[in-house]
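Side chains are part of it too, since the values below use all heavy atoms of this structure and drop only hydrogens, waters and symmetry mates. Positions are given from 1, in the same order as the sequence printed here.
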Amino acid sequence: METSSDAPLSQTILAAQVDPTVQAEPVATPTSAEALPPKPKDKIKVCEAVGDCGSNRKKSSAWDHFEKIKISEGQFKAVCHYCKKTYRANSKGHGTTNLLNHIPKCVKNPNRVSLKGQQTLAFEPKGEGFQLVPSAFTVEASRKALAEMIIIDELPFRLVEGYGFQKYSTTLQPKLQIREIPSRQTVARDVIGIYGVEREKLREALKGRRVCLTTDTWTSIQNLNYMSLTCHFIDDDWNLHKRILNFCQVEDHRGETIGRKIEMCLREWGVDGIFTLTVDNASSNGTTIKFLQTVTKDWKGTVLEHEFLHMRCCAHILNLIVGDGLKEIDASIARVREAVRYVKSSPNRNQIFRSFMERLGIESKCLLSLDVPTRWNSTYLMLDTAEKFEKVFLRMNFEDDSYCSYFLNKENSGGLGAPCGVDFKTCRTFVGFLKLFYNATKKFSGSLYVTSNTFFDEMFVIPENIAHLIKSENLLLKNMATKMEAKFEKYWGKGDKINQLLYVAVVLDPRKKMRFLKFSFFEIYGESVADEMVDLVRKTMDRLYDVYSRVDSPNGVVPSENERTHMEGDTIGGSNPYAMVNSRYERFLEAEKSVGCSNEIERYLAENCESRRDVKFEILGWWKANSDRYQVLSKMTRDVLAVPVSTVASESSFSTGGRILDPFRSSLSPLMVQNLVCAQNWLQAHVPISFRKSKDEVEVLEDEFHELVLNQATTAASSSSCSSKGGTRTTISIDE
């Protein structure tokens with residue numbers, strides 16, 4: 001325990017000032033918290049603001065932050081609520097000056113920023129405007145903000161020791177001295193502290209929840225194996241959350257190893273319920289699923305003995321379907337690719353290309369991008385931009401001697417020659433078809449909005465387009481569509497090979513329900529398949545509902561919104577007979593609708609669907625507003641809608657890991673890498689997700705990111721299709 005020698009000295013001086021006959025005596029430094037200072041010879045009654053000085057005296061604000069504890073008769077001590085530091089607190093021997101001085105300095109005091117120092121006015125966002133609030137500078141707050149900046153912006157620890165950063169910091173805040181700027185070691189400790197605090201917040205948020213997981217593995221530049229484990233859940237306020245639980249090292253990529261690691265991570269987090277695990281089609285993932293089904297089947301939150309635990313990554317399957325169709329690449333695409341390679345190979349050629357654009361009056365913000373052979377979506381982006389500059393390429397072939405000689409050299413172009421008008425026409429056909437898969441992949445890869453209910457829209461459109469192209473007179477497109485159809489049936493069959501939770505998610509979309517499911521199956525596969533699949537989905541929903549009604553049924557029945565309206569109508573009806581009649585009539589209509597509905601599923605399906613034309617419709621908002629009406633069904637819906645249909649949420653963490661573990665930071669330990677990756681994800685997730693705004697911003701950023709990456713990949717693609725700045729992926733990369 002710590003004590004202060006300032007209190008007795010100040011009190012003695014105060015007593016001497018009250019009575020000149022009293023002399024201040026030297027004070028010895030106490031050896032323990034219980035040691036008492038020398039008392040003045042004469043008893044001087046000094047008015048001190050402590051808690052027990054009489055009911056007519058004002059209590060000091062210090063006692064809002066300290067606890068007064070009796071040591072012995074007449075001896076007391078004050079213990080800080082936050083850091084537990086101890087001061088003497090005798091009623092007649094000590095005042096509260098030391099206590100008041102300690103409060104704004106206490107490191108663990110959450111309100112210390114507003115308690116210490118001269119305050120200034122600052123603008124704080126409020127709604128659509130701003131409000132003036134008092135603010136004060138503290139070194140502790142600046143250190144925390146600095147550590148969070150290091151985490152969020154993926155900056156090196158050595159940044160804080162640079163002269164430029166130190167000069168900027170002291171210029172920005174003159175009260176900050178250079179010696180108060182932390183070292184790289186201090187920043188590292190602050191990062192670990194932030195990770196610990198945010199981890200406890202997340203642990204509290206996950207208590208009692210079932211989670212939907214995604215996982216994937218990665219090999220870093222250090223040649224170490226990492227596993228990313230991400231959980232998805234919808235909270236009580238119907239907000240969708242994605243949190244990286246672990247970004248940890250694993251011994252190898254075997255299925256059982258990954259399964260054991262996932263089990264260990266979940267036990268550390270206190271999670272006792274897994275709803276689904278979304279993985280790609282790597283053979284080892286089948287072993288992982290079987291292992292987890294065995295070891296977690298007795299967990300409290302297990303549903304139907306993990307019958308629907310395995311969720312295949314839909315974006316990965318689309319990648320395989322398109323990749324199989326493009327194996328025998330057309331010569332037209334090869335010629336366009338070589339033309340793009342020529343323009344991107346040097347700044348001089350790129351400048352010549354731009355000069356032809358200006359002469360032809362073509363203005364475009366799109367940039368040529370060279371594709372990476374292992375990514376079909378990069379081929380789509382290459383063709384989509386190249387066909388916009390058809391006139392430029394044709395003009396270069398007519399006027400640019402260097403361009404012509406390049407394609408005359410068989411070693412450069414493989415004897416294919418320069419692309420002509422027919423080639424660009426073929427490319428446009430490819431682009432129109434591949435755009436369906438590209439948009440579907442982007443939709444499946446979303447992590448800030450619900451994806452499980454959008455799955456079936458793409459499964460309705462894509463098979464129809466494939467079937468249409470099979471009848472095409474274009475032999476190239478016909479062969480490609482035939483291969484895609486075979487791969488489609490291998491993974492999804494006639495809808496019977498798809499995890500049935502995805503169909504349940506469609507039914508739980510109030511714009512679709514069971515009617516859309518029946519309509520889609522009928523249009524694609526015919527009446528017999530439609531009846532069979534609808535019956536199967538309904539049985540699955542009933543089984544899920546039975547589980548939730550037993551485990552999660554509410555203790556009391558909360559009146560629905562309509563019922564509350566009826567009650568209010570009855571109250572008003574006491575003085576207004578017309579309102580009473582209307583209220584009773586509404587209850588009569590509600591009862592008519594519910595005739596024959598034995599549970600919430602039947603009542604939900606019996607009601608009309610919401611309009612699909614409402615572009616502002618938000619499914620989570622609808623269920624939030626109607627959760628009182630469907631108390632059991634809404635709990636089931638929360639888990640089903642949280643299911644991610646792709647592993648991109650986990651794969652995106654490898655992009656972060658690759659940036660953190662660049663060649664200049666390859667000495668970071670696996671534990672520090674986990675702290676940085678997870679803490680960044682948690683800090684960025686503090687702001688509630690706004691569905692439409694976030695979706696639009698993310699799509700714009702993704703487009704810009706793809707364009708930038710593909711432009712930078714020119715050299716890498718020509719030398720090696722497997723090179724990577726941040727390490728190598730163990731699975732096929734999809735639309736990261």
Side-chain donor/acceptor of [X] to backbone N/O of [Y], under 3.5 Å:
| X | Y | answer |
| --- | --- | --- |
| Asn319 | Ala315 | no |
| Trp682 | Ile244 | yes |
| Thr429 | Lys425 | yes |
| Gln680 | Asp153 | no |
| Thr278 | Val643 | no |

Does a side-chain heavy-atom distance below 4.5 Å link [X] with [Y]?
| X | Y | result |
| --- | --- | --- |
| Ile258 | Met227 | yes |
| Glu307 | Gln293 | no |
| Thr451 | Tyr449 | yes |
| Phe275 | Leu213 | no |
| Phe308 | Gln500 | yes |

Would you call the rings of Trp492 and Phe488 parallel, tilted or perpendicular, taking 30° and 60° as the class edges?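 Geometry flag for Phe488 against Trp492: perpendicular rings.
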Would you call the rings of Phe456 and Phe521 parallel, tilted or perpendicular, taking 30° and 60° as the class edges?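 It falls in the tilted class, 30° to 60°.
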Can you measure from CE (Met514) to CZ (Arg538) and round to the nearest 0.5 angstrom?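 If I round to the nearest 0.5 Å, the distance is 6.0 Å.
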Where Met636 and Leu508 come nearest, the two heavy atoms and their spacing: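 Smallest heavy-atom distance, with atoms named: CE-CD1, 4.3 Å.
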Closest non-hydrogen atom pair, Leu544 against Leu304: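 Smallest heavy-atom distance, with atoms named: CD2-CD1, 3.8 Å.
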Could you tell me whether [X] and [Y] have a side-chain N and a carboxylate O separated by less than 4.0 Å?
| X | Y | result |
| --- | --- | --- |
| Arg428 | Glu390 | yes |
| Arg209 | Asp236 | yes |
| Glu607 | Arg629 | yes |
| Lys635 | Asp639 | no |
| Arg638 | Asp235 | no |
| Arg612 | Asp457 | yes |

When you check the side-chain N and O atoms of [X] and [Y], is any donor under 3.5 Å from an acceptor?
| X | Y | result |
| --- | --- | --- |
| Asp371 | Thr379 | yes |
| Arg312 | Asn281 | yes |
| Asn499 | His310 | no |
| His253 | Ser284 | no |
| Asn246 | Trp269 | yes |

Ring pair (Phe, Tyr, Trp, His ring centres under 6.0 Å) with Phe437: which residues, sequence neighbours excluded?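 Phe433.
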Only one of Thr647, Thr215, Thr214, Asn285 forms a side-chain hydrogen bond (donor to acceptor under 3.5 Å, both in side chains) with Asp280, so which one is it?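 Single side-chain hydrogen bond (donor to acceptor under 3.5 Å, both in side chains) partner of Asp280 among Thr647, Thr215, Thr214, Asn285: Asn285.
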Face-on cation placement of Lys513 at Tyr604 ring, 6.0 Å and 45° thresholds: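 Lys513 over Tyr604 ring: yes.
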In chain order, what residues pass the salt bridge (charged side-chain N to carboxylate O under 4.0 Å, His left out) check against Lys388, with sequence neighbours excluded?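 Residues passing salt bridge (charged side-chain N to carboxylate O under 4.0 Å, His left out) with Lys388: Asp384.
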Run the numbers on His316 and Ser646 for side-chain hydrogen bond (donor to acceptor under 3.5 Å, both in side chains), then give the verdict. CA-CA 7 Å; His316 187 80; Ser646 79; over 6 Å; no
Could you tell me which residues satisfy side chain to side chain donor-acceptor pair (under 3.5 Å) with Asp509, sequence neighbours excluded, listed by chain and number?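 Counting only residues at least two positions away or on another chain, Asp509 forms a side chain to side chain donor-acceptor pair (under 3.5 Å) with Asn453, Arg511.
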Within a 6.0 Å radius of atom CD on Glu485, are there more than 12 heavy atoms belonging to other residues, nucleotides or ligands?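 For Glu485, atom CD is crowded (more than 12 foreign heavy atoms under 6.0 Å).
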